[in-house]
Amino acid sequence: MTPRVLSGIQPSGNLHIGNYLGALGNWVKMQHDYESIFCIVDLHAITVYQKPEELRAKVREIAALFLAAGIDPLHSRIVVQSTVAAHAELAWLLTCVTPMGWLERMTQFKAKASAQESVGDGLFQYPVLMAADILLYQANIVPVGEDQMQHLELARDIAQRFNSLYGETFTMPATRLPLVGARVMGLDDPTAKMSKSASGTGHAVALLDPPDRIKKTIMRATTDSNPGVDFETMGPGVQNLLNIFQAFSDWSNDQMKAHFEGMRYGDLKKQVAEMTISKLEPIQKRYAEITADPAYLESVLKAGADAVRPTADATVRLVKERMGIYTETT
Ligand code: TRP
């Protein structure tokens, strides 16, 4: 059986080259080896306040970027989470088998909660909804970053607990991360992973940034106190710039070293900027074409939801039956 891959992305912040080189670009390359579902998780996004008009626009922007980056909508499913009601329904059913203590241990909850004045219950339940996303489709592989491993573990724990209470129901999602890509760090701070939500210019190159902005951000990137590229002693900022170039170019380590060893940082940055601009240009062009045809985008999202809904509904039905919840018998 073709393994099923599921991942989710929140429609908040701006998709950047870290998302592309670390995830999206690899999904595009490997999508035909798997049966893939890419969820745009709007119900997760609202666990912290989102301006309604921005959320509405963001969901479409992300969907269009997925297509522009090369996700094939005839093979891979792009699904807006809220359009398949079973996500929310399964989340509730799973909430009832999830001990609060497990959720209290989630480091992301603690970090996010401490940054809010008022913490919605949804933020606490966030990992249960994520478990529902995964278990709904009996996904085998869930490519997520390091920061989501604890949530993935929790999904496994919830599945196991449900199975032991009500009988074998859920497939265990694998914890391994087979779809690894480059780990792109912040350009202003190469010790932290490039983030969608980190505000301020200088941190990230967004996929929709115009060329002059891309150049400006990369030219300002943090390097180190060496006079030029030194592969033996380079700091994380220089390493990050080289990683970005290598991930976009697919050059070998030997090629990288032969070309960049000893190069002055100004020249290195110029080349990283040119490479980035040239790789984003076709994506931006396709993005403009796709967004010029809103009906097409809507049809892709409708087709995605329609395609996965039978599986999702079947899982909820089975879960309800197992739990003794009323289900129609006809
Ligand atoms: N919590 C994930 C993140 O912030 C997004 C997400 C939601 C997700 N549901 C998912 C990822 C299901 C993988 C599978 O990155």
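Both ligands and their constituent atoms are indexed starting at 1 by order of listing. Because the structure is a prediction, the values reported are computed rather than measured. Numbers here simply count residues along the sequence, with the first being 1. What you see below is based on every heavy atom in this structure, not just the backbone, and it leaves out hydrogens, waters and symmetry mates.
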Contacts table for ligand 1: protein N or O within a distance under 3.5 Å of ligand N or O, distances only.
unit_1   : atom_1 : unit_2 : atom_2 : d
ligand 1 : 1 (N)  : Tyr126 : OH     : 2.7
ligand 1 : 1 (N)  : Gln148 : OE1    : 2.9
ligand 1 : 4 (O)  : Tyr126 : OH     : 3.1
ligand 1 : 9 (N)  : Asp133 : OD2    : 2.7

Quiz prompt | side chain to side chain donor-acceptor pair (under 3.5 Å) involving Gln150 - partner list, sequence neighbours excluded | solution =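 By the side chain to side chain donor-acceptor pair (under 3.5 Å) rule, Gln150 matches Thr107.
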
**Request:** Applying side chain to side chain donor-acceptor pair (under 3.5 Å), name anything that partners Asp147, two or more places apart in sequence or on another chain.
**Result:**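 Partners of Asp147 under the side chain to side chain donor-acceptor pair (under 3.5 Å) test: none.
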
What do you reckon, are the aromatic ring centroids of Phe170 and Phe162 less than 6.0 Å apart?
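Judged by ring-centre distance (under 6.0 Å), Phe170 and Phe162 do meet the cut-off.
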
>> In this structure, is the centre-to-centre distance between the rings of Phe260 and Phe231 below 6.0 Å?
In response: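 No, too far apart.
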
message: One thing to verify: whether Lys257 and Asp254 come together as a salt bridge, which I'm taking to mean a side-chain N less than 4.0 angstrom from a carboxylate O.
response: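 Result for this pair is no, no salt bridge flagged.
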
With sequence neighbours left out, what residues match Tyr137 under ring pair (Phe, Tyr, Trp, His ring centres under 6.0 Å)?
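Residues passing ring pair (Phe, Tyr, Trp, His ring centres under 6.0 Å) with Tyr137: His87.
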
